[in-house]
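Each remark here refers to the structure printed beneath this line.
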Amino acid sequence: MRQGVGMKQELKLGLVALFTAYLAACGTDTSGPANFSDEVIDADIAMLAADGALDDLSAMHERTARGAFEHTRTVLFFGEGDAPQNEYHPTETMWIEITSEMSGEITRDNWSATMNRNREIEITGLLGEETERTVNGVGSESSTRVRNSDEFGTRTYVMSGTSVINNVVHGVPREEFPHPLSGSITRDIEVVITNGPNGDETRSRTVVITFNGTEFPEMTVDGVPFEVDMSAPGGPRPFRKGHHGGPGK
């Protein structure tokens with residue numbers, strides 16, 4: 001990844017093309033209502049984006065994926081002058097590159113999905129006695145059989161997207177700073193709804209999560225605010241009820 005921004009943009013464009021082709025191949029396998037409100041769609045997309053952000057944070061801390069996931073990961077260490085290292089050194093490692101792929105089933109409350117996620121991240125600021133480390137990277141994801149059942153009905157569709165991790169700063173030691181201090185994760189997500197009353201439809205949203213040092217960073221879905229909860233890695237919906245612009249989940 002030390003080739004810089006050009007390589008990251010090239011990777012991102014390649015991932016967009018890959019998942020556009022994926023949607024064309026898989027769209028006919030899903031069905032769901034095409035006329036539920038934008039607020040309900042926003043809440044469903046917030047669910048996906050918050051879950052993805054929790055996986056992103058796990059990768060940043062070099063933790064393994066949740067138990068239901070298959071996970072492959074490559075970790076490379078580099079010292080001064082970008083010299084490769086055989087292993088991590090607490091004061092001599094300068095930066096780390098992590099490439100990972102994970103796939104599996106996700107279930108939270110009445111929400112479930114079959115998920116595949118890929119990411120490539122770079123962790124910098126490690127040389128010497130570090131007080132902060134910074135994460136940048138790109139990723140992609142696809143979701144099939146996404147299903148959400150609640151008071152607004154049952155919705156089934158395909159989602160896919162790309163993500164950009166931008167200058168997410170973690171304080172060191174992590175025990176004192178469990179949540180990112182600043183930075184953001186942006187996801188461009190496409191939702192395919194098929195076989196509805198209005199025929200096949202595609203909706204697109206941009207989700208931005210901005211970190212603030214607490215477990216409740218700010219989230220917006222096309223500008224609509226949500227408050228995501230980074231302390232909910234599994235089970236409950238990872239955003240606070242009554243603290244977002246959606247339909248009162």
Side-chain angles (χ1 to χ4, degrees), residues 1-19 42 45-63 73-76 78 82 93-102 115 117-127 130-142 159-172 174 177-190 204-230 233 238-239 244:
M1 285 183 66
R2 299 302 287 185
Q3 292 91 330
V5 175
M7 181 210 174
K8 292 181 180 179
Q9 293 300 323
E10 181 179 353
L11 174 60
K12 183 180 179 184
L13 290 173
L15 292 170
V16 170
L18 174 64
F19 281 95
D42 287 347
I45 290 175
M47 175 71 242
L48 181 78
D51 186 88
L54 286 165
D55 278 344
D56 291 336
L57 294 179
S58 292
M60 293 177 197
H61 294 300
E62 301 178 66
R63 294 197 297 266
R73 181 176 59 178
T74 301
V75 183
L76 302 176
F78 299 88
D82 295 339
T93 295
M94 186 174 183
W95 60 281
I96 299 173
E97 180 180 294
I98 302 175
T99 303
S100 65
E101 178 178 359
M102 58 181 65
M115 181 70 64
R117 287 179 175 140
N118 302 269
R119 64 177 58 83
E120 183 178 352
I121 64 174
E122 181 181 288
I123 305 174
T124 59
L126 282 65
L127 190 65
E130 60 178 310
T131 58
E132 293 181 347
R133 52 176 58 185
T134 302
V135 184
N136 288 278
V138 294
S140 66
E141 58 194 310
S142 65
M159 293 182 179
S160 74
T162 58
S163 59
V164 176
I165 299 169
N166 183 40
N167 291 327
V168 174
V169 176
H170 297 263
V172 178
R174 183 167 170 264
F177 304 96
H179 306 290
L181 304 176
S182 59
S184 64
I185 300 175
T186 300
R187 275 181 160 78
D188 291 315
I189 297 175
E190 190 168 79
S204 298
R205 296 289 191 272
T206 296
V207 183
V208 181
I209 296 177
T210 303
F211 296 100
N212 55 18
T214 77
E215 72 256 53
F216 302 118
E218 298 176 1
M219 173 195 281
T220 59
V221 179
D222 271 9
V224 177
F226 287 73
E227 191 172 68
V228 65
D229 185 353
M230 293 288 100
F239 52 79
H244 62 83

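Bear in mind that the values here come from a model prediction, so they are computed numbers and not experimental data.
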- Task: Test L57 against H170 for side-chain contact (heavy atoms from CB on, under 4.5 Å), laying out the working first.
- Result: CA-CA 10 Å; L57 294 179; H170 297 263; 4.2 Å; yes

- Task: Determine whether D82 and W95 make a side-chain contact, defined as any pair of heavy atoms from C-beta on separated by less than 4.5 Å.
- Result: yes

- Flag side-chain contact, heavy atom, 4.5 Å: D56 against R187: yes

- Taking all heavy atoms of I209 and all of A49, pick out the closest pair and write down the distance. CD1-O, 4.1 Å

- I123 side, atom CD1; T93 side, atom OG1 - distance, nearest 0.5 Å: 11.0 Å

- Do the side chains of L48 and M115 get nearer than 4.5 Å, heavy atoms only? yes

- Test F226 against V207 for side-chain contact (heavy atoms from CB on, under 4.5 Å), laying out the working first. CA-CA 10 Å; F226 287 73; V207 183; over 6 Å; no

- Measure the shortest side-chain to side-chain distance between T210 and P217 over non-hydrogen atoms and say whether it is less than 4.5 angstrom. no

- Please round to the nearest 0.5 Å and tell me the distance separating atom CD1 of I98 and atom CE of M60. 9.5 Å

- Task: Carefully, step by step, assess N166 and I185 under the rule side-chain contact (heavy atoms from CB on, under 4.5 Å).
- Result: CA-CA 6 Å; N166 183 40; I185 300 175; over 6 Å; no

- Note on the structure: Distance col, row M47:CE vs M159:CE, nearest 0.5 angstrom, shows 10.0 Å

- Query: Has the side chain of N118 got a donor or acceptor atom that lies under 3.5 Å from a matching backbone atom of E101?
  - Reply: no

- Shortest non-hydrogen contact from E130 to G125? CB-O, 3.4 Å

- Task: Please name the pair of heavy atoms, one in S163 and one in S140, separated by the smallest distance, quoted to 0.1 Å.
- Result: OG-N, 4.3 Å

- Looking at OG1 of T220 and CG of D42, how far apart are the two atoms once the value is rounded to the nearest 0.5 Å? 10.0 Å

- If you look at every heavy atom in S184 and V208, which pair is closest and at what distance? CB-CG1, 4.4 Å

- Message: Is there a side-chain contact between V75 and I96 in this structure, where contact means two heavy atoms from C-beta onward sitting under 4.5 Å apart?
- Response: yes

- Query: Is there a donor-acceptor pair under 3.5 Å between the side chain of D222 and the backbone N or O of T206?
  - Reply: yes

- Query: Roughly how far, to the nearest 0.5 Å, is the OG atom of S160 from the CG atom of D188?
  - Reply: 10.5 Å

- CG-NE2 distance between N212 and H179, expressed to the nearest 0.5 angstrom: 9.5 Å

- Message: Applying side-chain contact (heavy atoms from CB on, under 4.5 Å) to D55 and R119, what does each step give before you reach the verdict?
- Response: CA-CA 10 Å; D55 278 344; R119 64 177 58 83; 3.6 Å; yes

- Looking only at heavy atoms, which two atoms of N136 and T134 are closest? And how far apart? ND2-CG2, 3.8 Å

